[in-house]
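The structure appears right after this line, and notes come after that.
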Amino acid sequence: MSLPRPGRCVVMGVVNVTPDSFSDGGRYLGRPDAVEHGVAMFRRGADLIDVGGESTRPGADRVEPAVEAARVAPVIRELVAAGVPVSVDTMRAEVAEAALEAGASIVNDVSGGLADPRMASVVASAGVPYVLMHWRGHSRDMDKLAVYDDVVRDVRDELSARVDTALAAGVRAEDVVLDPGLGFAKDATHNWQLLQRLDELLELGFPVLVGASRKRFLGTLLGGRPPSGREDATAAVSALAAFSGAWGVRVHDVGRSLDAVAVAGAWRAGRG
Ligand SMILES: Nc1nc2ncc(COP(=O)(O)O)nc2c(=O)[nH]1
């Protein structure tokens with residue numbers, strides 16, 4: 001499968017099959033709930049659904065690979081059977097293999113290949129698109145790793161190295177998507193600088209995915225708003241990311257962001 005390119009910014013809906021994700025932990029741990037939610041987002045207009053089985057929120061404990069695979073593979077299989085394009089959100093090669101076997105058509109690796117040296121070759125063998133997110137370490141250590149000279153230049157340079165590794169393993173350049181990894185070893189100011197200078201990431205020549213949905217830096221901006229109160233800010237980021245040329249946005253509320261990226265596209269084109 002090649003990357004979805006619908007002629008507008010792609011909207012990727014999130015299904016976290018986890019008990020403890022920061023903004024929707026536990027709501028979709030059950031397979032029927034997860035499948036129902038994924039199908040509903042696809043029917044609302046999401047271009048693809050990102051299915052994850054391990055929470056990556058700061059401080060989260062890791063789950064065993066077998067547990068993670070058991071969470072995502074059945075959900076992916078049912079979504080694909082329902083005609084829904086699926087990406088798997090994992091940093092483990094064995095989970096990616098199980099997800100690909102279940103019908104996933106994109107691998108979304110928050111570690112950018114750092115967590116599992118086998119991942120790039122698994123993706124290369126499958127010949128599927130590969131999201132390389134900027135990451136510096138597991139949730140337990142992330143806050144200590146948020147140290148940069150110039151966060152945009154450093155993220156850009158570190159992602160470039162991740163791309164080189166992926167290409168050397170046989171991943172095709174046209175299959176690479178980059179992601180600044182908002183909130184992963186970044187403080188709020190780092191996140192805003194990465195968004196402000198998104199063009200410098202785009203200059204690397206790869207599609208860029210932006211994942212700001214409901215994240216803490218939005219809540220902080222809004223005076224401590226909880227995740228449920230960050231949807232309008234998320235949609236604003238989606239509009240601005242689309243306007244700035246992002247390939248896609250990864251969101252929980254697909255309806256709002258579909259509207260947001262439609263507005264951005266019309267504004268950019270000067271027509272509706
Ligand atoms: N590519 C990509 N994947 C991700 N997976 C999980 C989370 C954490 O957010 P969640 O707990 O709401 O899924 N954020 C990202 C992200 O920003 N980019």
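In listed order, ligands and their atoms are each counted from 1. Heavy-atom basis, side chains included; hydrogens, waters and symmetry copies ignored.
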### Message
Among E54, H134, M91, R250, which one puts a heavy atom closest to atom 15 (C) of ligand 1?
### Response
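Considering heavy atoms of E54, H134, M91, R250, the nearest to atom 15 (C) of ligand 1 sits in R250.
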### Task
Going by heavy-atom distance to atom 8 (C) of ligand 1, choose the closest among V177, V110, T56.
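Answer by nearest heavy atom: T56.
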Polar contact flag, side-chain donor to acceptor under 3.5 angstrom, [X]-[Y]:
{"X": "S111", "Y": "D109", "answer": "yes"}
{"X": "T90", "Y": "E68", "answer": "yes"}
{"X": "N108", "Y": "S87", "answer": "no"}

Looking at [X], which atoms of ligand 1 are within less than 4.0 Å of one of its heavy atoms?
{"X": "L209", "answer": "1 (N)"}
{"X": "N16", "answer": "10 (P), 11 (O), 12 (O), 13 (O)"}
{"X": "G211", "answer": "17 (O)"}
{"X": "F184", "answer": "7 (C), 8 (C), 14 (N), 15 (C)"}
{"X": "D179", "answer": "1 (N), 2 (C), 16 (C), 18 (N)"}
{"X": "N108", "answer": "1 (N), 2 (C), 3 (N)"}

### Message
Any side-chain to backbone donor/acceptor pair from S257 onto V254? Under 3.5 Å, distance only.
### Response
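The answer is no, because no donor-acceptor pair under 3.5 Å joins these two groups.
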### Task
Could you tell me if any non-hydrogen atom of H252 lies under 4.0 Å from any atom of ligand 1?
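Contact check H252 vs ligand 1: positive.
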### Message
Counting C-beta onward and ignoring hydrogens, is there a side-chain heavy-atom pair between D89 and R250 closer than 4.5 Å?
### Response
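D89 reaches R250 side chain to side chain.
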### Message
Give me the atom names and distance for the closest heavy-atom approach of V63 to E54.
### Response
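It is N-OE2, 3.1 Å.
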### Query
Is there any N or O on D89 that sits under 3.5 Å from an N or O of ligand 1?
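D89 vs ligand 1: N/O contact under 3.5 Å present.
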### Query
Aromatic ring centroids of Y148 and H190 under 6.0 Å?
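Here the rings of H190 and Y148 have centres that are less than 6.0 Å from each other.
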